Protein chains: 2
Amino acid sequence: MARVKPQYRILLADDHALIRHGIRNLISNNPALEVIGEVGDGEELLEYLKVKVPDLLILDISMPKLTGIEAVSKVKKLYPDIKILMLTMHKNKQYFYHAMSAGADGYLMKEDSDEELLLAIKRIQNGKSYLSPYLSQDFADDVISAYRNNRSSPFETLTKREREVLNLVVDGHTSKVMAEMLHLSPRTIDHHRANLLRKFDMKNSVDLVNFAVRNGFVTQTEQ
Amino acid sequence: MARVKPQYRILLADDHALIRHGIRNLISNNPALEVIGEVGDGEELLEYLKVKVPDLLILDISMPKLTGIEAVSKVKKLYPDIKILMLTMHKNKQYFYHAMSAGADGYLMKEDSDEELLLAIKRIQNGKSYLSPYLSQDFADDVISAYRNNRSSPFETLTKREREVLNLVVDGHTSKVMAEMLHLSPRTIDHHRANLLRKFDMKNSVDLVNFAVRNGFVTQTEQ
DNA sequence: AGTTCCATGGGTAAATATACCTAGGGCAGA
DNA sequence: TCTGCCCTAGGTATATTTACCCATGGAACT
């Protein structure tokens, strides 16, 4: 009754079939996401888009026949509504800047974890941008200053305490109870919970728990 | 880190292997519950208890060598901490009264749904009693008057509206938003949500969502 | 005709969660 | 040493949830 929400349709563009299949497999665990197709180079990509338009394009930056950067420009010009997540092995500032200025919505390293890919998709789906945590180190100076006033900075992973609190939140405990369990002030629990909401870009605990459970951030043991 | 909670250990006593296996199979979907053994008659039951003591005994009322009623009395006398859920095909007042006065904690019909079994276990686990909804009709007069002032009456199933609201709660919506979706007053949503918490014997929405999702009360489609 | 349940929604109060702010101590890396 | 990050935790304000109370109208069943 509630959920007639359409799936978020994703197109994969990468010249390595292995990587395409890995991503497809990962995404297939999430019923809200659907990989509607795969293409191996820039020409195929443009041909495909004439037939079928995805919500999100996951695009390898080094692709034959049309570089990823060029592809971003063209796709964004022809189909402004398609969101683009760049997938790259280049830890290089220039690539990033070019991709972003060409219109990409996110920039993910191939070394990033599965969790990161899901987070990236989630953020882009919500109209935000995403940047690989791998880059945050090298890019710290410029990027951080650029994002400093952006409350939902994209290069965040969970700390130990946050994981602990997340597990307790999933169990449905109140802050007061969690505070007793961890021998902390309820205010500290509030702080960690707020950080979790911010990092996952969620508005309340129910959504947080749903996302965390479905994407394997917690191990469900209790009933 | 959070969940070192021990499993809830259940012993099945029924002379029909098929029923035992059905229950075992149903329970095995829930990681917090563990069937530690099965016995086929009253003697076996008492022998088993000398070796291993469960948290909950699910007991067929018509069992060879020791009737279910007798078994309840003996077990409760020897092991007062064991909770007992009577499983029966008898829609008969007398059986119910005898079972209850002998010390049973719950009374479930074999015609009841899987959902009902899980609800029954959950309620007993929380120290409450349980009565099959099938009986509530025949027993309406006496039982309802007996439970009238008991806020958490055990024979409740979900209404259509409650199922609708439950689905929206699972999506993490606030009452205000749900009210807009269903063109109702937020107060009405609150009412339904409160009924859901009461019927499932849960303290907050996170627990409610967890229980509902894990036991198939909602169909998860979104992310 | 009476009873019960459902769905609707108002009143009130307390508990909890969420969103901002601030700040200090500890630790690690540049 | 300086800087950033994590963990700690307090202040304040608002939003939301939860828990009680209450009533009315309709549908269904007896």
Side-chain angles (χ1 to χ4, degrees), chain A residues 133 136-145 147-149 151-153 155-166 168-180 182-209, chain B residues 133 136-141 143-145 147-153 155-166 168-180 182-209:
Chain A
S136 66
Q137 288 153 11
D138 297 300
F139 284 64
D141 295 336
D142 355 32
V143 179
I144 285 180
S145 67
Y147 279 91
R148 182 156 334 243
N149 45 358
R151 295 293 303 122
S152 51
S153 163
F155 13 84
E156 320 210 59
T157 43
L158 301 189
T159 66
K160 283 177 195 171
R161 264 303 195 221
E162 284 162 0
R163 285 184 193 276
E164 275 184 335
V165 172
L166 178 55
L168 295 177
V169 170
V170 169
D171 283 355
H173 298 298
T174 64
S175 293
K176 201 192 294 177
V177 171
M178 290 187 269
E180 287 164 11
L182 299 179
H183 307 292
L184 295 175
S185 157
R187 308 310 311 281
T188 306
I189 303 294
D190 285 342
H191 169 83
H192 292 307
R193 188 206 296 252
N195 278 339
L196 287 165
L197 290 179
R198 183 175 50 78
K199 288 187 175 180
F200 282 106
D201 203 29
M202 296 286 163
K203 281 174 197 159
N204 58 56
S205 294
V206 169
D207 281 333
L208 173 65
V209 168
Chain B
S136 66
Q137 287 152 13
D138 296 295
F139 283 66
D141 295 335
V143 179
I144 286 180
S145 66
Y147 280 91
R148 176 138 1 222
N149 44 0
N150 184 350
R151 295 294 303 124
S152 51
S153 162
F155 14 83
E156 320 209 61
T157 42
L158 301 189
T159 67
K160 283 178 194 171
R161 263 301 196 226
E162 283 163 1
R163 283 184 193 277
E164 276 183 335
V165 172
L166 178 55
L168 294 177
V169 170
V170 169
D171 284 355
H173 299 298
T174 66
S175 294
K176 202 192 292 178
V177 172
M178 291 187 266
E180 286 164 10
L182 299 179
H183 306 293
L184 294 175
S185 158
R187 307 312 308 282
T188 306
I189 303 294
D190 285 340
H191 170 83
H192 292 307
R193 188 209 294 254
N195 279 338
L196 287 164
L197 291 179
R198 183 175 50 77
K199 287 186 176 182
F200 284 106
D201 203 30
M202 295 287 164
K203 281 175 196 158
N204 58 57
S205 294
V206 168
D207 281 333
L208 173 64
V209 167

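The chains referred to below are lettered A, B, ... by the order of the sequence lines, with proteins before strands, and numbering in each begins at 1. Fair warning: this is a prediction, and the values are worked out from it, not measured in the lab.
Applying the side chain to side chain donor-acceptor pair (under 3.5 Å) criterion to A:Thr188, with sequence neighbours excluded, gives no partner residue.
Residue A:Ser205 places at least one side-chain N or O closer than 4.0 Å to OP1 or OP2 of C:dT18. Phosphate proximity of C:dT8 to B:Arg161: present, with a side-chain N or O under 4.0 Å from OP1 or OP2. Between B:Lys176 and D:dT16 there is a side-chain N or O to OP1 or OP2 distance below 4.0 Å. A:His192 has a side-chain polar atom (N or O) that falls below the 4.0 Å cut-off from OP1 or OP2 of D:dT8.
Between B:Leu182 and B:Val165 the shortest side-chain heavy-atom distance falls below 4.5 Å. At a threshold of 4.5 Å between non-hydrogen side-chain atoms, the residues B:Leu208 and B:Val169 count as touching. Annotation: side chain of B:His192 is not in contact with side chain of B:Leu166 (no heavy-atom distance under 4.5 Å).
The nearest whole Å value for the distance from the CG atom in B:Asp190 to the C1' atom in C:dA14 is 14 Å. Taking atom CG of residue A:Asp207 and atom P of nucleotide D:dA15, one finds them 19 Å apart after rounding to whole Å. Following rounding to the nearest Å, A:Leu197 (CG) and D:dA15 (P) show an atom-to-atom distance of 17 Å. Look at NZ on B:Lys203: it is 11 Å from P on C:dT16, rounded to the nearest Å. Rounded to whole Å, atom C1' of D:dT16 lies 16 Å from atom CG of B:Leu168. When the P atom of D:dT18 is taken as reference, atom CG of B:Asn195 falls 13 Å away, rounded to whole Å. The CE atom of B:Met178 sits 9 Å away from the P atom of D:dT18 (whole-angstrom rounding). D:dT18 atom P lies 11 Å from atom CG of B:Leu196, rounded to whole Å.
The distance from atom CG of B:Leu196 to atom CZ of B:Arg161, rounded to the nearest 0.5 Å, is 12.5 Å. The CD atom of B:Glu164 lies 9.0 Å from the CD1 atom of B:Ile189; values are rounded to the nearest 0.5 Å.
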Write out a two-atom table: protein N or O, nucleotide N or O from nucleotides 9-14 of chain D, distance below 3.5 Å.
residue	atom	partner	partner atom	Å
D:dA9	OP2	A:Ser185	N	2.7
D:dA9	OP2	A:Thr188	OG1	2.9
D:dA9	O5'	A:Thr188	OG1	3.4
D:dG10	OP2	A:Ser185	OG	2.9
D:dG11	N7	A:Arg187	NH1	3.0
D:dG11	N7	A:Arg187	NH2	3.3
D:dG11	O6	A:Arg187	NH2	2.8
D:dT12	O4	A:Arg187	NH2	3.1

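Side-chain N or O atoms of A:Asn204 include one that pairs as donor or acceptor with a backbone N or O of B:Gly172 at under 3.5 Å.
In this structure, the nucleotide among D:dT17, C:dT8, D:dC6 sitting nearest to the side chain of B:Ser175 is D:dT17.
Across all strands shown, B:Asn204 has heavy atoms under 4.0 Å from sugar-phosphate atoms exclusively, and none from any base.
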